[in-house]
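A quick note: this is a predicted structure, and the numbers were derived from the prediction, not measured. Order of the sequence lines sets the chain letters (A, B, ...), proteins ahead of strands, with each chain counted from 1.
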Protein chains: 2
Amino acid sequence: MTYEEALKKLKDTGNIISMPRMTILKYVLEHKTHHTAESIYETLKKEYPSISIATVYNTLKLFAKIGIVKQLMIDESKVYYDSNIYPHFHLKCTVCGKIYDVSPPICRELEGLKDIEGHIVNDAHVYFYGVCSDCRKNMTTGGEDT
Amino acid sequence: MTYEEALKKLKDTGNIISMPRMTILKYVLEHKTHHTAESIYETLKKEYPSISIATVYNTLKLFAKIGIVKQLMIDESKVYYDSNIYPHFHLKCTVCGKIYDVSPPICRELEGLKDIEGHIVNDAHVYFYGVCSDCRKNMTTGGEDT
DNA sequence: ATGGATGCAAATCTTTTGCACGGAA
DNA sequence: TTCCGTGCAAAAGATTTGCATCCAT
């Protein structure tokens, strides 16, 4: 989604275009990784010292509600936000903690599921847990010299 | 998993078999739905007034670590625990909030995924969000009489 | 006997909310 | 002008932790 499309969506859903909203929107669209409200707050504070953590939380929640970003519940203790709304899934490395975008072929099948056992499906969240290619490499290297 | 198998797993992983652990284990194995630490605590307190909420949290976390139960991060604010470790997924109704077990055919394919784009996959969590068959029915009924 | 587990309370962490003020439509 | 949004601080909720005591091995 582009900045302009997102602004339009904000307007169309009856929301005001404010300075914090523009700033947060611009930031997440230009940094398509996985952010927490806290990390966004810490980054933006440098150029926008008056911004409030509460506004960041509320804004991200609003963005999620109107479909500008997606919430990731991949971590048991905090919510991550992803501005990449193109269908893809996530893998969290249980060694280093990094979150990766992944798009296995099965992705498309899941996206197509609209009904399961009589329930309407509107959204599917898929989270993989394992060992990322980097950590995998290090494990191998570590085991060699004994 | 049976009670006996779970006890064996506790022993094999070097953990003590204590009263709270036996009580919580028995409870979750006999009630294969989706519990929070809080809900288990509230229930068990009646027959076991001295049990502590901290113990419930710690015990469930231990059970999850050794594979006796699975953590569900289907809700953005709290963790649910599931003692049904047989491969299946979950659907949360965004109308009534209920969590359902579902087993679409795609389930098996996902369980078989061991490698994605070079990353090792050890576990896959799939959460569906939508409208359950009950709420779906009520919506239809509600719309008819106008 | 002895080290890990429990129970309590306090602490921590994430997220939300109340309220007076300020800014967008 | 008129709400809605913001910023601050305080509150709320979930989960963890410190510590003295207790209990399983």
Take atom CG of B/Leu10 and atom P of C/dT6, then tell me their distance rounded to the nearest Å. 10 Å

Near DNA chain C, which residues from residues 19-37 of chain A have a heavy atom under 4.0 Å away? none

Just by distance, no angles: are the side chains of A/Tyr81 and A/Gln71 close enough, under 3.5 Å, to form a donor-acceptor pair? yes

Grab the two heavy atoms, one from B/Cys132 and one from B/Cys93, that are nearest each other, plus how far apart they are. N-SG, 3.4 Å

In whole angstroms, how far is the P atom of D/dT15 from the CD atom of B/Glu42? 14 Å

When you check the gap from the basic side-chain N to the acidic O, do A/Glu5 and A/Lys8 get nearer than 4.0 Å? no

Could you check how far CG of A/Leu62 sits from P of D/dC4, rounded to whole Å? 14 Å

Between A/Leu60 (CG) and C/dT15 (P), how many Å, whole number? 10 Å

Closest nucleotide among C/dA5, D/dT6, D/dT15 to the B/Lys61 side chain: D/dT15

Run the side-chain donor-acceptor check on residues 47-56 of chain B: report pairs under 3.5 Å with partners two or more places apart or on a different chain.
from: B/Ser52; atom 1: OG; to: B/Ala54; atom 2: N; distance (Å): 3.0

Integer-rounded Å distance: D/dT25 C1' and B/Asp12 CG: 15 Å

Around A/Lys26, counting heavy atoms of other residues, nucleotides and ligands shown, do more than 12 lie under 6.0 Å from its NZ? no

Connecting only ILVMFWY residues whose side-chain heavy atoms lie within less than 4.5 Å of each other, what is the rest of A/Tyr100's hydrophobic cluster? A/Phe89, A/Leu91, A/Val102, A/Ile106, A/Leu110, A/Leu113, A/Ile116, A/Val121, A/Val126, A/Phe128, B/Phe89, B/Leu91, B/Tyr100, B/Val102, B/Ile106, B/Leu110, B/Leu113, B/Ile116, B/Val121, B/Val126, B/Phe128

What integer distance in Å separates B/Lys45:NZ from C/dG7:C1'? 14 Å

Evaluate A/Asn15 against A/Arg21 for side chain to side chain contact (heavy atoms under 4.5 Å, CB included), listing each step before the verdict. CA-CA 10 Å; A/Asn15 294 288; A/Arg21 285 178 183 170; 3.8 Å; yes

From the list A/Leu29, A/Ile68, A/Leu44, side-chain contact (heavy atoms from CB on, under 4.5 Å) partner of A/Ile24 resolves to A/Leu44

Here's a test for you: under salt bridge (charged side-chain N to carboxylate O under 4.0 Å, His left out), which of B/Asp101, B/Asp123, B/Asp82 qualifies with B/Lys70? B/Asp123

Where do N or O atoms of nucleotides 8-12 of chain C meet protein N or O atoms at under 3.5 Å, pair by pair?
none

Quick one: is D/dC4 close enough that its OP1 or OP2 comes under 4.0 Å of any side-chain N or O from A/Ser18? no

By a strict heavy-atom criterion of less than 4.0 Å, which residues belonging to residues 66-81 of chain A are in contact with DNA chain C? A/Ser77, A/Lys78, A/Val79

Could you tell me whether the side chain of A/Leu62 reaches within less than 4.5 Å of the side chain of A/Leu10, counting heavy atoms only? yes

Are side-chain N/O atoms of B/His88 and B/Tyr86 paired as donor and acceptor at under 3.5 Å? no

NZ of B/Lys11 versus P of D/dA24: gap in Å, rounded? 13 Å

Send over the distance from A/Ile16 CD1 to D/dC4 C1', rounded to a whole Å. 4 Å

The complete set of ring pair (Phe, Tyr, Trp, His ring centres under 6.0 Å) pairs with one or both residues in residues 10-47 of chain B, sequence neighbours excluded, reads B/Tyr27-B/His31, B/Tyr27-B/His35, B/His34-B/His90

Select base, sugar-phosphate, or nothing to describe what B/Asn15 touches, counting heavy atoms under 4.0 Å on all strands. sugar-phosphate

Output the single nucleotide from D/dT15, C/dG4, D/dT6 whose closest atom is nearest the side chain of B/Tyr57. D/dT15

